[in-house]
Amino acid sequence: MKAVKVRNPASLDSLDSLEVVEIDAPGEPGVGEVRVKLHASSLNFHDYAVVAGMIPTEDGRIPLSDGAGEIEAVGDGVEEFAVGDRVMSVFFPQWNDGRPPLGSFESTPGDGIDGFAREQVVKPARAFTRIPANLDFAQAACLPCAGLTAWRALMEDGNLQAGQTVLLEGTGGVSIFALKIAKAAGARVIITSSSDEKLAKARDLGADHTINYKSNDDWGRQAFDWSDGGVDHVVEVGGPGTVNQAIDAIRPGGHIHLIGVLTGQKGEVETAALMRKMGRLQGLTVGSRAMQLRMIDAIEATGIEPVISDRFALADLPDAFRHEQDQKHFGKIAVDI
């Protein structure tokens with residue numbers, strides 16, 4: 001069967017080192033396992049960091065943390081799934097519920113273990129959940145990382161309420177799914193981008209206020225002023241380069257959900273300003289399997305659908321990552337397998 005592997009990941013100079021190879025098809029599933037025929041995946045910044053050598057991993061790693069497909073066979077002891085069921089992957093297969101484990105990626109597909117850039121997998125049944133009934137395979141493949149991150153930030157950790165205001169940074173997968181969640185919950189949404197074209201698309205999806213951060217250096221303060229006393233939640237994807245703007249934007253007691261480091265891993269946080277606002281700065285990485293199941297219930301109840309701006313074949317994965325690198329996408333980039 002076909003798969004894509006990352007060659008010499010610690011010393012990559014380009015995405016050309018991704019190669020399509022033939023690997024042995026998996027055998028029959030063992031006790032507690034399922035075999036899944038994969039139909040789709042999607043790209044996340046975490047995946048890009050792996051294939052670009054920013055996150056060290058083994059030579060020959062199969063990338064992509066997200067996968068969606070259908071059950072082909074079930075092993076003994078599997079009761080949750082049957083042959084023909086549509087399933088999607090879990091980002092942290094070892095985290096079923098309860099308190100989060102240490103933020104380690106040792107068991108994360110496409111990082112510590114092989115991911116979903118292939119045609120079939122055999123994995124423990126706990127590594128999957130069902131797919132929302134209203135979504136197809138490509139849409140479902142957008143959920144395990146980006147979708148669940150947005151869901152956990154706003155609904156699990158943030159307890160988002162109708163009438164509150166949410167500030168979203170950029171128009172990538174997490175932010176656009178957070179826009180959909182926030183509007184379904186009855187919240188107001190402010191979103192930023194360097195592209196007026198993308199901001200117009202965000203308004204079409206229901207964004208209440210948009211800010212071009214290239215032409216508005218003090219966008220955090222602008223968000224504070226527009227929200228009349230500060231925003232309740234910031235989905236913070238930039239990290240060091242944007243977190244102080246997020247502090248400017250929040251109301252007293254506001255919640256900053258730190259979920260990304262697109263501007264780097266180290267920087268100065270204006271702690272005095274955060275204390276003065278009595279704000280909450282919380283780091284989070286995706287979520288548990290139980291959270292994913294609750295997100296699925298909410299998606300089915302509300303009819304929310306991820307936004308996919310581009311689709312690539314598995315054999316064209318290098319081009320898909322170049323598209324992501326150039327920030328040409330809006331929402332998610334899907335991969336058809």
Side-chain angles (χ1 to χ4, degrees), residues 29 32-44 64-75 78-93 95-97 109 115-116 119-156 160 162 173-187 205-206 286-311 314 330-337:
E33 293 182 331
V34 294
R35 188 175 74 235
V36 178
K37 177 178 175 59
L38 295 165
H39 290 293
S41 183
S42 73
L43 302 192
N44 302 288
L64 302 184
S65 67
D66 295 343
E70 58 185 311
I71 303 276
E72 286 188 319
V74 298
V78 175
E79 298 180 355
E80 185 175 356
F81 300 119
V83 173
D85 285 351
R86 303 188 315 141
V87 295
M88 63 187 188
S89 59
V90 175
F91 190 86
F92 289 122
W95 184 17
N96 182 60
D97 199 2
F116 294 100
E119 295 176 320
Q120 288 176 305
V121 293
V122 169
K123 287 181 175 292
R126 68 172 181 271
F128 299 95
T129 66
R130 66 185 179 87
I131 284 176
N134 59 311
L135 302 186
D136 62 25
F137 289 115
Q139 291 171 320
C142 297
L143 298 176
C145 181
L148 186 55
T149 298
W151 168 264
R152 177 186 171 188
L154 293 179
M155 307 308 296
E156 300 278 344
L160 179 66
V174 173
S175 294
I176 294 303
F177 198 69
L179 167 59
K180 291 253 186 168
I181 293 170
K183 295 310 297 182
L205 291 175
V286 196
S288 69
R289 189 175 190 272
M291 292 178 189
Q292 184 157 309
L293 288 169
R294 290 192 287 270
M295 175 187 69
I296 291 167
D297 289 340
I299 288 172
E300 291 177 334
T302 60
I304 291 175
E305 296 181 358
V307 174
I308 298 173
S309 64
D310 308 278
R311 297 176 74 144
L314 181 63
F330 179 90
K332 292 289 287 182
I333 299 170
V335 178
D336 295 314
I337 301 175

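Just so it is clear, the model here is predicted, and its values are computed rather than measured.
With rounding to the nearest 0.5 Å, the separation of NZ in K37 from CD in E72 is 6.0 Å. For the atom pair L64 CG and L43 CG, the distance stands at 6.5 Å (nearest 0.5 Å). Taking CZ of F91 as the reference point, atom SG of C145 lies at 4.5 Å (rounded to 0.5 Å). With values rounded to the nearest 0.5 angstrom, S65 atom OG is found 9.5 Å from F92 atom CZ. In this structure, K332 NZ and D310 CG are separated by 12.0 Å, a value rounded to the nearest 0.5 Å. Atom CD of Q292 sits about 11.0 Å away from atom CZ of F128, to the nearest 0.5 Å.
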Kindly indicate, with the supporting measurements, whether the criterion side-chain contact (heavy atoms from CB on, under 4.5 Å) is fulfilled by E119 and I337. CA-CA 6 Å; E119 295 176 320; I337 301 175; 4.2 Å; yes
**Request:** Apply the test side-chain contact (heavy atoms from CB on, under 4.5 Å) to residues K180 and V307: give CA-CA distance (whole Å), side-chain angles for both, the deciding distance (0.1 Å), then the verdict.
**Result:** CA-CA 9 Å; K180 291 253 186 168; V307 174; 3.7 Å; yes
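The minimum heavy-atom distance linking W151 with M291 is given by the pair NE1-O, 3.7 Å. Across all non-hydrogen atoms, the minimal contact from I308 to A334 is CG2-CB, 3.9 Å. Nearest approach of V83 to A73, heavy atoms of both residues: CG2-CA, 4.0 Å. Across all their heavy atoms, L160 and A185 have their closest contact at CD2-CB, 3.9 Å. Looking at every heavy atom in both residues, I304 comes nearest to A184 through CD1-CB, 3.8 Å. The nearest pair of heavy atoms linking G206 to K183 is O-CE, 3.3 Å.
Between M88 and T129 the shortest side-chain heavy-atom distance falls below 4.5 Å. With contacts defined as side-chain heavy-atom distances shorter than 4.5 Å, the pair L205/F330 qualifies. Side-chain contact check for R126 versus V90: every heavy-atom pair is 4.5 Å or farther apart. Looking only at side-chain heavy atoms (C-beta outward), R294 and M155 stay at 4.5 Å or farther from each other. At least one side-chain heavy atom of I299 sits under 4.5 Å from a side-chain heavy atom of F177.
S41 pairs in a side chain to side chain contact (heavy atoms under 4.5 Å, CB included) with only one of the listed residues (V335, D336, L314), which is V335. Evaluated for a side chain to side chain contact (heavy atoms under 4.5 Å, CB included) with L143, the options I131, T149, I296, L135 yield exactly one hit, L135.
Judged by distance alone, the side chain of E300 and the main-chain N or O of D297 form no donor-acceptor pair under 3.5 Å. When atom types are taken as modelled, the side chain of S42 and the backbone of A141 share a donor-acceptor pair closer than 3.5 angstrom. With R86 contributing its side chain and P132 its backbone, the two residues share a donor-acceptor pair below 3.5 Å. Side chain of R152 to backbone of V286: a donor-acceptor contact under 3.5 angstrom is found.
Under the 6.0 Å distance and 45° angle rule, K123 counts as a cation-pi partner of F116.
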